[in-house]
Amino acid sequence: MTLSSEPQDPLPVVKCVARARIPTTTGPDIFLHLYANDRDTKEHLAIVFGEDIRSRTLFQRRRGETQQDRMVRGAYVGKLFPGRTMADMDENLGMSLKFDETSGSLLVDPKTTWHNQDTLVRIHSECYTGETAWSARCDCGEQFDHAGKLMGVEREGDIIGGSGRGVIVYLRQEGRGIGLGEKLKAYNLQDLGADTVQANLMLQHPADGRDFSLGRAILIDLGISNVRLLTNNPDKVLQAEYPPYLQCVERVPMVPLSWTSDHDGIHSAEIEGYLRTKVERMGHLLQRPLKLHSSVSKSNPSTKVTTHTLV
Ligand SMILES: Nc1nc2c(ncn2[C@@H]2O[C@H](COP(=O)(O)OP(=O)(O)OP(=O)(O)O)[C@@H](O)[C@H]2O)c(=O)[nH]1
Ligand SMILES: [Zn+2]
């Protein structure tokens, strides 16, 4: 945790290049933001739930640009429709943006811009295998889907959702930063008996070489200050802090679905090893709910008691 008296590393410079509305198969429209930065050439993303969470760099007025230019890059208020000519005003919805006439910066107006509220956030690292190749080696794909669902609901059990507001910062940090090729080699080493940490070290990589400063810079660019962070990773909680601009006000756990249901979620030998390593070797805050009694079926009250060890 960086105490406010200690100098903080300067954040990378990020710039939102484009934003577009994505109608989703699961219900809400989301707004995909693509970022450039001064640290790498990757296309890091922010998946934003809520039209009024606004990137300051995207909405910054640029010299010589037209209202059409602004609409094309996604710097518009409300909804686009054929024939619309003004980016900064949506007459149909009666919404208009205000700017500092000198600097051209967006002025925060509670009627049009989300600010100073706790925001549900996931800082998610890319995992091609888990998100696209149906892998049962990790829970990244499940976490990505679950985070998206939680952004859209008021609550799920005792977890308070985002009620339609939230941000998934999607960092192109495949393989905890080592890239897909090296991660595939790590998988082979895991099939030869190594765990995910040992495999990275055997390939001469750190156990976790990720840098989350880009995530912090993107959240600050989106005007997010109080983060309710969806994670089990204590390091991410620390990494989501940049006082006084960004603070993590709550860690929201992500319990694997397979631990709360016998049929949902990922059930595989590999995922158990993956989760166990995260807990035992990376300090992840995951605890399998301790069930003292299996659900004793009415028809057979003598169902044997099963206990689950804590992982
Ligand atoms: N090197 C390596 N990376 C892996 C392996 N399995 C998953 N990963 C990567 O681990 C990262 C998972 O990151 P996240 O899901 O964002 O977060 P986390 O650090 O697991 O913690 P949570 O926020 O609690 O999910 C992704 O970059 C995956 O590609 C593995 O076996 N080896
Ligand atoms: Zn994964």
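One-based numbering, in listed order, for ligands and for the atoms of each. This structure is a prediction, so every number in the text was calculated from the model and none was measured. Keep in mind that the numbers below use all heavy atoms, side chains included, and drop hydrogens, waters and symmetry copies.
Interface of Tyr187 with ligand 1, defined as ligand atoms under 4.0 Å from a residue heavy atom, comprises 6 (N), 30 (C), 31 (O). Listed by number with element, the atoms of ligand 1 under 4.0 angstrom from any heavy atom of Thr196 are 30 (C), 31 (O).
Distances from atom 16 (O) of ligand 1 to the heavy atoms of Lys236, Arg137, Met254 put Lys236 nearest. When the options Arg172, Glu131, His284 are ranked by their closest heavy atom to atom 21 (O) of ligand 1, first place goes to His284. In the candidate list Cys127, Ala147, Gly177, Cys127 is nearest to atom 28 (C) of ligand 1, counting heavy atoms. Between Lys278, Arg122, His205, it is Lys278 that holds the heavy atom closest to atom 20 (O) of ligand 1.
Expressed to the nearest 0.5 Å, how far CG of Leu230 lies from CD1 of Ile123 amounts to 10.5 Å.
The Zn ion (ligand 2) forms the vertex of an angle spanning SG of Cys140 and SG of Cys138; to the nearest 10 degrees it equals 110°.
The shortest N or O to N or O distance between Gln173 and ligand 1 is below 3.5 Å. Considering backbone and side-chain atoms together, Gly175 places an N or O closer than 3.5 Å to an N or O of ligand 1.
Between Asp191 and Arg137 there is a salt bridge, with a side-chain nitrogen of the basic residue lying less than 4.0 Å from a carboxylate oxygen of the acidic one.
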Inset, instruction - Given side-chain contact (heavy atoms from CB on, under 4.5 Å), test Met151 with Ile168 step by step and report yes or no. - result: CA-CA 9 Å; Met151 300 280 161; Ile168 299 176; 3.8 Å; yes
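Geometrically, Arg19 does not engage Phe59 in a cation-pi contact defined by less than 6.0 Å to the ring centre and at most 45° from the axis.
With a 4.0 Å cut-off on non-hydrogen atoms, Thr231 touches ligand 1 through its backbone as well as its side chain.
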